[in-house]
Amino acid sequence: MPFILPELPYDKSSFGNLISVETFDFHHGKHHKAYVDKTNGLIADDAGLSGASLSDVITTAQAKGNMALFNNAAQIWNHSFYWQCLTPEKQTPSGELKTMIDEGFGSLENLLAKFKEEAVGHFASGWAWLIVEGGKLKITSLHDADTPLVHEMKPLLTIDVWEHAYYIDYRNARPDYVDALLANAINWEFVAENLDGQGVSRADQS
Ligand code: MN3
């Protein structure tokens, strides 16, 4: 079975000016779709990968040094995860997640400030991540298509900092894009569910 472009988990008009319909049309409908199409084309040339799950394709492609396949397949996964990190309804963390945030960063405000610093400071294309590593919350960023799946990281939250993620709505102002999403559009329920690793499988497909 070829991989598919997952549906967005919300109506693409529901974010108003935070994320425009035009951004979803390009980012989901063209960029994410292109990664799906390219991955399917590359897999068609590698009989050994037919029937493999997306996460298996990602790890196998990296092990084989097939960077074209790794980059496209990892970008499918990263984008599927990213869409689920967003919600048009403003949320705040609660429960175990809130406790971990307070213990690790002192407050949500501190976490968001550090996340913004990482996302804005990341040079060129990539992804800012909130992960669990060694049992603790940690903020990091990865370049290009690199993904927590091939590192010892449990992914909780990501923001896409490729220019295609923000250029339509925010032009070159990456800090404004990051601020807007962190303040208004993070699906903290999804982040909390990822504490037990569900997020990895929910962005996977086979
Ligand atoms: Mn993107």
Side-chain angles (χ1 to χ4, degrees), residues 3-42 54-55 57-58 61-62 67-88 115-116 118-131 139-151 153 155-187 190-191 194 199-200 202-205:
F3 294 117
I4 57 161
L5 177 66
E7 296 279 325
L8 291 168
Y10 29 68
D11 190 291
K12 62 188 174 187
S13 67
S14 55
F15 288 84
N17 292 333
L18 278 180
I19 309 169
S20 67
V21 171
E22 187 183 4
T23 285
F24 281 117
D25 284 344
F26 277 83
H27 197 182
H28 176 257
K30 296 189 187 294
H31 288 278
H32 193 175
K33 183 176 186 300
Y35 296 127
V36 173
D37 292 343
K38 285 177 192 160
T39 297
N40 286 332
L42 290 165
L54 180 60
S55 54
V57 168
I58 292 166
Q62 196 206 34
M67 293 314 290
L69 180 56
F70 172 80
N71 286 334
N72 283 285
Q75 284 292 75
I76 301 176
W77 191 93
N78 287 341
H79 283 90
S80 298
F81 191 89
Y82 169 63
W83 304 129
Q84 295 180 70
C85 289
L86 304 177
T87 176
F115 196 100
K116 179 185 176 185
E118 184 76 31
V120 172
H122 181 86
F123 185 76
S125 295
W127 300 79
W129 293 94
L130 176 67
I131 59 165
I139 289 165
T140 190
S141 56
L142 296 172
H143 283 279
D144 301 323
D146 199 7
T147 179
L149 262 68
V150 295
H151 301 282
M153 301 172 176
L156 300 186
L157 165 68
T158 194
I159 288 187
D160 189 344
V161 296
W162 286 58
E163 283 188 349
H164 68 224
Y166 56 86
Y167 224 84
I168 291 171
D169 296 330
Y170 299 87
R171 296 302 174 192
N172 60 330
R174 190 193 291 184
D176 293 349
Y177 154 76
V178 172
D179 267 341
L181 263 55
L182 289 178
N184 302 292
I186 300 302
N187 189 338
F190 176 76
V191 175
N194 294 334
V200 172
R202 284 200 289 162
D204 203 0
Q205 56 176 295

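Throughout, numbering of the chain's residues begins at 1 and tracks the sequence. Start at 1 and go down the list; that is how both ligands and their atoms are numbered. Because only heavy atoms are used, hydrogens play no part in the values below, and waters and symmetry mates are left out as well, while side chains stay in.
With Leu86 as reference, Ile19 is the one residue of Asn187, Leu8, Ile19 to meet the side-chain contact (heavy atoms from CB on, under 4.5 Å) rule.
Between the side chain of Thr158 and the backbone N or O of Ala128, at least one donor-acceptor pair lies under 3.5 Å.
Note: Tyr82 and His27 have tilted aromatic rings, judged against thresholds of 30 and 60 degrees for the angle between ring planes.
Between NE2 of His164 and NE2 of His79, the angle at the Mn ion (ligand 1) works out to 130°, rounded to 10 degrees.
Residue side and main chain included, His31 places no N/O/S atom under 2.8 Å of the Mn ion (ligand 1).
The Mn ion (ligand 1) sits nearest to atom OD2 when only the N, O or S atoms of Asp160 are considered.
The aromatic ring centroids of His28 and His79 lie 6.0 Å or more from each other.
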